[in-house]
Amino acid sequence: MFYKKADLVMEETKADAILVSDGANMRYLSGFRGATGYLYLTKTRRVLATDSRYTEMARAEAPDFEVIELAPAQTYGQLLNSLMEADGAENVGFEDQYLLYADYRKLQKECGGRLKTELGDRLDLLRCVKTEQEIAYLAQAEAIGDLAFTHMLDVLRPGMTELEAAAELEYFMKTHGAENLSFETIVASGVNSSMPHAMPSAKKIEPGDFVTMDFGCVYNGYCSDMTRTVVVGKASEKQKEIYEIVLKAQLAGLAAVRSGVRGCDVDKVSRDIIAKAGYGDCFGHGLGHSVGLYIHEEPRLSRLCETVLQPGVIQTVEPGIYLPGFGGVRIEDMVVVTEDGCRNLTSSDKNLIEL
Ligand code: GLY
Ligand code: MN
């Protein structure tokens, strides 16, 4: 596991120790999947404090850590305070972006005010560049998504509700190697597809509907993410027009991804195409985001993100056009940044499919 990377954060912040509470960061640094408890790391000590529901799992999954079980009637603050006292750790870094305010106040009180350094997103940023092993897990998760999309082309039909279609996608992924879903599956049909994050409803899919499916699954902890929009029946001229603009923007965005460019520059490439076609106001969200142990990670392909892309960073490329009262289109692939471009982990067809 990647616990050695925590040393960089201690050096940078001058903290004597760091306390990790976020589930993904705990897993990344230790291997422990339980997401309950805390990691406490100094330059010389690595502790995973958790409760009796998780200790067996923790010992198996985090062999590089000393697993300490919370005693009956002991609080985490008491346990952690005893560690800090023993180590003489006076300046402890903590995840201010994740710790609940109430938990922070309680811990701070019980640990004698030692939580002095706000780590911000420093631990999350350790996860940006993926190893070959992590990329292999992400690729496998996306491959399960591709299979699920192919399956949906066989089963989507008028009369099926959005909820039934979402259930079909989810059942397929979980019976083909997925351990979980990356996020709540989106199936949006007809006018509902103008809502980028519509919730699947009891609405029946009707002939001529756009159906947007945005879904992903988890494989070995790593998330996938893809979106395809199809037409059930024959596409109208307007549907074809919108679809082709989004596809053009998506292909141009993919072509712009490479090591050395900023996230905002890639976003601009796709956004300009949509704006030039007259639909600039109908694409409100960012072009993409990174993916890993969480579905949304840094860096982003967005107007606000000036981070320079590096090889091994994952990005989604997902432009859309959304017309309230008519419907919408989004097309999303997940890619790995390389020196001179990107490797697409998504292989599903992107030409307009009429079912
Ligand atoms: N695919 C869901 C999202 O990116 O928000
Ligand atoms: Mn996405």
Side-chain angles (χ1 to χ4, degrees), residues 24 124 127-128 130 134-135 137-139 141-149 152 162 165-166 169-170 172-174 178 180-189 192-201 210-219 221-230 246-247 249-251 253-254 256-257 263-264 266-267 269-271 274 282-305 307 309 313-322 328-337 342-348 350:
D124 310 76
R127 308 204 313 266
C128 286
K130 271 62 178 180
E134 289 178 289
I135 292 168
Y137 293 153
L138 288 154
E142 194 73 347
I144 294 168
D146 276 326
L147 277 180
F149 176 68
M152 291 310 287
E162 294 169 350
L169 268 168
E170 293 172 4
F172 186 95
M173 290 190 288
K174 285 197 176 173
N180 211 339
L181 305 174
S182 308
F183 56 92
E184 303 254 330
T185 303
I186 296 168
V187 175
S189 66
N192 289 348
S193 58
S194 67
M195 294 180 273
H197 275 194
M199 289 196 273
S201 73
F210 266 142
V211 179
T212 297
M213 291 169 278
D214 183 349
F215 57 97
C217 68
V218 180
Y219 181 80
Y222 287 82
C223 296
S224 67
D225 195 6
M226 64 182 284
T227 307
R228 288 293 183 269
T229 304
V230 301
V246 174
L247 181 57
Q250 207 260 354
L251 294 172
L254 286 174
V257 173
C264 55
V266 183
D267 178 280
V269 169
S270 292
R271 196 169 299 283
I274 290 173
C282 310
F283 173 31
H285 57 77
L287 180 65
H289 53 91
S290 194
V291 186
L293 291 168
Y294 282 139
I295 181 63
H296 294 134
E297 297 194 349
E298 298 298 327
R300 313 253 167 180
L301 303 182
S302 79
R303 285 166 281 199
L304 293 175
C305 185
T307 304
L309 301 181
V313 164
I314 304 290
Q315 289 295 332
T316 67
V317 180
E318 50 177 309
I321 292 178
Y322 310 97
V329 174
R330 179 167 62 261
I331 303 171
E332 174 180 29
D333 288 344
M334 194 168 91
V335 307
V336 192
V337 178
C342 66
R343 178 157 67 88
N344 201 331
L345 302 179
T346 319
S347 59
S348 294
K350 279 187 289 203

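Remember, it's 1-based here, ligands and their atoms both numbered in the order they're listed.
- Of the inter-residue distances, the one linking Thr229 atom OG1 with Ile321 atom CD1 reads 11.0 Å to the nearest 0.5 angstrom.
- The angle that Glu332 OE2 and His289 NE2 make at the Mn ion (ligand 2), rounded to 10°, works out to 120°.
- Protein heavy atom closest to atom 2 (C) of ligand 1, with residue, atom name and distance, is Asp214 OD2, 3.4 Å.
- Within ligand 1, counting atoms from 1 as listed, the ones closer than 4.0 Å to a heavy atom of Glu318 are 4 (O).
- With respect to Glu332 and Lys350, no salt bridge is recorded, no charged nitrogen being found less than 4.0 Å from a carboxylate O.
- Below 4.0 Å from some heavy atom of His197 lie the following atoms of ligand 1, by number and element: 2 (C), 3 (C), 5 (O).
- From the protein, the heavy atom lying nearest to atom 3 (C) of ligand 1 is His296 NE2, 3.1 Å.
- The OE2 atom of Glu318, the Mn ion (ligand 2) and the OD2 atom of Asp225 define an angle of 150° (nearest 10 degrees).
- We find the CD1-SG distance between Ile314 and Cys223 to be 11.5 Å, quoted to the nearest 0.5 Å.
- No heavy atom of His285 sits closer than 4.0 Å to any atom of ligand 1.
- In summary, the atoms of ligand 1 found under 4.0 Å from a heavy atom of Phe183, numbered by their order in the structure, are 1 (N), 2 (C).
- Distances below 4.0 Å separate heavy atoms of Glu332 from the following atoms of ligand 1: 1 (N).
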Given Thr346 and Glu142, is the side chain to side chain donor-acceptor pair (under 3.5 Å) satisfied, shown in steps?
-> CA-CA 6 Å; Thr346 319; Glu142 194 73 347; 2.7 Å; yes
Step-by-step side chain to side chain donor-acceptor pair (under 3.5 Å) determination, Gln315 to Ser290 = CA-CA 4 Å; Gln315 289 295 332; Ser290 194; 4.6 Å; no
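- A salt bridge links Asp333 to Arg228: one of the charged nitrogens lies within less than 4.0 Å of a carboxylate oxygen.
- Ring-centre distance between Tyr294 and His289: not below the 6.0 Å cut-off.
- At least one N or O atom of Asp225 sits closer than 3.5 Å to an N or O atom of ligand 1.
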